[in-house]
J.: 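Provided herewith is a single structure, encoded as structure tokens, for subsequent inquiry.
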Protein chains: 2
Amino acid sequence: MAKTVVPEQRRRRRRPTRGGTVLSEQLIIDTALRLLREHGSTGLSARRLGLALDCDPSALYRYFHGMDELTLAIGDALIGQALDGWSATGDGRADLRAIGLRIHAAYVAHPQAALLTASRVTGRAHELAADEAIIGVLRAGGFPLTATVRIYHAFIDQTLAFAALDAGALALPRSARRADEDIWESTYARLPAGDYPRIAEAAPRLAHEMVRSAYPSALDMLLDGAFLAALGATASSAGATGERQ
Amino acid sequence: MAKTVVPEQRRRRRRPTRGGTVLSEQLIIDTALRLLREHGSTGLSARRLGLALDCDPSALYRYFHGMDELTLAIGDALIGQALDGWSATGDGRADLRAIGLRIHAAYVAHPQAALLTASRVTGRAHELAADEAIIGVLRAGGFPLTATVRIYHAFIDQTLAFAALDAGALALPRSARRADEDIWESTYARLPAGDYPRIAEAAPRLAHEMVRSAYPSALDMLLDGAFLAALGATASSAGATGERQ
DNA sequence: CTCCTTATGCCAACACCATTGACCTTAGAA
DNA sequence: TTCTAAGGTCAATGGTGTTGGCATAAGGAG
């Protein structure tokens, strides 16, 4: 078994490391976040963290069962950060847009943690508060329960999914990330128009578009779809059925 | 520099390994997919691959410049599978819907591989073909270039993002997955209506809704938004439900 | 103020990982 | 048949997370 981890509350002895730092769960999380921000996204490892905290890497295992648990602890803090200070304005569409952008931003600011966290359901306080807020906005906006649940699901999963996708791009080693971005200019922009007429035509705009997150656009389209459909408009007039299976 | 990689077409000599297997790009990719399925998303490494192929890990570097390039090749194989046999019907919205569902399905069918590749840009043949198809559908549907690029970006990223999110859920260890799903009945369904009135009200429907993928719904909303906006409607001016409660 | 327990930091080691350069064998063109 | 270089192998480098054993000092008990 691993080393014994004492819950932060029950910690009594605080023995300084050889370098003089006094460790704590909070200090470790903060330092990890700093490492992630400063030293790039590959910059978090037990060894580096030990270096930054001036302690042996193995000392971290007195506070977390493993790097995985540390990452989850970081992720847990993110959810709280995202909606801290938010309040409804009464404009349902604008409120949902703001909530989505906030959550997305908080996750993307810490890509590693986002990757491990985004597809999990925690059932913890901050998550519950966010869900209550979202459903509240929809109900207050006059959506019936069935539509509310459907839109809530699409909305929250779209937000988390994009957060994870964009975080995934940010979490790549610098070289791979550069390579991915360069492809739009090195490959897509030089395709023979004979073989790929559509891409060739759109290439210059693609190079500009694809290096940014599509989340704001996608969010707007999803909200447009949800709110316009509520007005009685149907996409069938544009040649399709809005029905879901 | 690394070892020299000869493009698959120009390969002339096929020297069997010590164990008798004859390597090829295709065989390596297939074996990698098998390893991912069997051993989980962390189960793919040069060493394990070498073991499975009965060759030295370093032999792989004659076929790919590094594990990263292999990962991209795996991703491209998935896209290829997804659009194999697809052809346009002329109904733009329906075509996009079909493409989205196909790609989503292909990724979800290989959750471990999806996690590794969903956020990558490969620039390889199958990816190019898919992009050409999507942009082609939009242009043929009459969208101007600016709108085309914006919708294309939102569409493809949303598809990949949901694929990765849903793959992430499927890739969880069975126990963690059960736990995540149970939260909707154990936690959300039992919240005090006083503290969480909106969730309490929606709880029964949520329990049914949240165990399925939201991608089809979200896809429909996004397409509705894109195609309806093209008709001149805008949700911001409409704002009926958001107008005031 | 001293003693004793034990929490906690440190060390060394283990088992992985990707990648590389030198080597050697043999496929297949000439 | 020869002979070059493609392609498989070996050994080594420097990275990772993690663990068992040990030393030490924190802080309660007397």
Side-chain angles (χ1 to χ4, degrees), chain A residues 1-25 27-28 31-32 35-36 39-72 112 116 171-176, chain B residues 1-25 27-28 31-32 35-36 39-73 116:
Chain A
M1 194 51 207
K3 306 211 169 181
T4 7
V5 170
V6 176
E8 189 71 4
Q9 311 158 326
R10 262 192 281 291
R11 236 165 237 281
R12 334 200 89 166
R13 306 192 183 176
R14 310 233 79 127
R15 180 177 170 183
T17 79
R18 149 176 311 237
T21 8
V22 176
L23 297 181
S24 73
E25 202 173 292
L27 178 63
I28 295 175
T31 309
L35 276 190
L36 284 175
H39 220 150
S41 51
T42 44
L44 180 61
S45 76
R47 287 177 150 77
R48 291 177 99 113
L49 198 44
L51 212 66
L53 284 164
D54 207 357
C55 73
D56 191 272
S58 64
L60 301 171
Y61 289 79
R62 302 275 185 212
Y63 293 82
F64 300 95
H65 284 107
M67 291 304 283
D68 200 70
E69 196 181 292
L70 168 60
T71 331
L72 286 181
Q112 262 71 7
L116 288 186
L172 289 177
R174 180 155 302 165
S175 60
Chain B
M1 194 53 207
K3 307 209 169 180
T4 7
V5 170
V6 176
E8 187 71 3
Q9 312 155 329
R10 262 193 281 292
R11 239 166 233 281
R12 334 200 93 164
R13 308 194 179 174
R14 310 233 79 128
R15 179 176 168 185
T17 79
R18 150 179 310 243
T21 6
V22 176
L23 297 181
S24 73
E25 202 173 292
L27 178 62
I28 295 175
T31 310
L35 278 189
L36 282 171
H39 291 77
S41 59
T42 52
L44 179 62
S45 75
R47 285 175 145 74
R48 290 174 103 114
L49 201 42
L51 213 65
L53 285 165
D54 208 356
C55 72
D56 191 90
S58 63
L60 302 171
Y61 290 79
R62 300 275 186 212
Y63 293 83
F64 301 96
H65 284 107
M67 290 306 283
D68 193 68
E69 198 181 292
L70 169 60
T71 315
L72 292 180
L116 290 181

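Note on naming: letters A, B, ... go to the chains in the order of the sequence lines (proteins, then strands), and numbering restarts at 1 for each one.
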J.: Assign T17(A) to base, sugar-phosphate, or nothing according to its heavy-atom contacts below 4.0 angstrom with the strands shown.
T.: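 The residue T17(A) makes sugar-phosphate contact but no base contact.
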J.: Expressed as a whole number of angstroms, how long is the span from R12(B):CZ to dA5(D):P?
T.: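 Taking atom P of dA5(D) as the reference, CZ of R12(B) is at 13 Å.
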J.: Could you say whether G19(A) or R15(B) is positioned toward the 5' end of DNA chain C, judged by the nucleotide with the nearest heavy atom to each?
T.: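 Residue closer to the 5' terminus by nearest nucleotide: G19(A).
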J.: Closest approach to the side chain of R62(A), judged atom by atom: which nucleotide of dG21(D), dG17(D), dC17(C) is it?
T.: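 Nearest to the side-chain atoms of R62(A), counting from C-beta on, is dG21(D).
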J.: So does R11(B) get a side-chain nitrogen or oxygen closer than 4.0 Å to the phosphate oxygens (OP1/OP2) of dG7(D)?
T.: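 Looking at the OP1 and OP2 atoms of dG7(D), one of them is under 4.0 Å from a side-chain N or O of R11(B).
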J.: Between atom CG in D68(B) and atom P in dT19(C), what is the gap in whole Å?
T.: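 Distance, rounded to whole Å: 8 Å.
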J.: Can you tell me if Y63(A) touches the phosphate of dG9(C), counting only side-chain N or O atoms and a distance under 4.0 Å to OP1 or OP2?
T.: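 Yes, Y63(A) has a side-chain N/O under 4.0 Å of OP1/OP2 on dG9(C).
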J.: Under 4.0 Å between a side-chain N or O of R47(B) and OP1 or OP2 of dC17(C)?
T.: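 For dC17(C), OP1 or OP2 has a side-chain N or O of R47(B) closer than 4.0 Å.
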J.: Between L51(B) (CG) and dC16(C) (C1'), how many Å, whole number?
T.: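 It is 13 Å, rounded to the nearest whole Å.
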J.: Where is the tightest heavy-atom contact between F64(A) and V5(A), given as atom of each residue plus distance?
T.: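 Reported closest heavy-atom pair: C-CG2, 3.9 Å.
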J.: Can you check whether any acceptor in the base of dT8(C) is under 3.5 Å from a donor in the side chain of R14(A), or vice versa?
T.: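 Counting by modelled atom types and ignoring angles, no donor-acceptor contact under 3.5 Å is found here.
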J.: Taking all atoms of both residues into account, what is the closest heavy-atom pair of R14(B) and R11(B), and its distance?
T.: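 For R14(B) versus R11(B), the nearest heavy atoms are NH2-CD, 3.1 Å.
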J.: Which atom pair, heavy atoms only, marks the closest approach of A59(B) to L23(B)?
T.: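 Smallest heavy-atom distance, with atoms named: CB-CD1, 4.2 Å.
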J.: Hey, does F64(B) reach any base, or is it just sugar-phosphate, or nothing, if we go heavy atoms under 4.0 Å?
T.: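 Answer is nothing: F64(B) stays at 4.0 Å or more from every strand.
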J.: Base, sugar-phosphate or nothing for S58(A)? Non-hydrogen atoms, less than 4.0 Å.
T.: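 Base, at least one base heavy atom under 4.0 Å.
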J.: Please state how far atom CG in D56(B) lies from atom P in dT25(C), giving the value in whole angstrom units.
T.: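 Whole-Å distance recorded here is 15 Å.
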J.: Grab the two heavy atoms, one from G43(B) and one from R48(B), that are nearest each other, plus how far apart they are.
T.: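 In terms of heavy atoms, the two residues are closest at O-CD, 3.0 Å.
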J.: On the nucleotide dC10(D), are OP1 or OP2 found under 4.0 Å from the side-chain N or O atoms that R18(B) carries?
T.: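 For dC10(D), OP1 or OP2 has a side-chain N or O of R18(B) closer than 4.0 Å.
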J.: Please compare C55(A) and R13(B) by the position of their nearest nucleotide in DNA chain C and report the one closer to 5'.
T.: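 The residue mapped nearer the 5' terminus is C55(A).
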J.: Could you tell me whether the side chain of L49(B) reaches within less than 4.5 Å of the side chain of L70(B), counting heavy atoms only?
T.: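 Heavy-atom side-chain distance check passes, below 4.5 Å.
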J.: Between atom CG in L53(A) and atom P in dG9(C), what is the gap in whole Å?
T.: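 After rounding, the reported distance stands at 11 Å.
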J.: Using whole Å, report how far CG of D54(A) lies from C1' of dC11(C).
T.: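 Nearest whole value for this atom pair: 16 Å.
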J.: Measure CG/L23(B) against C1'/dG7(D) and give the value in whole Å, please.
T.: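 For the pair L23(B) CG and dG7(D) C1', the rounded distance is 9 Å.
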J.: In whole angstroms, how far is the P atom of dG7(D) from the CD atom of E25(B)?
T.: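 It works out to 12 Å between those atoms.
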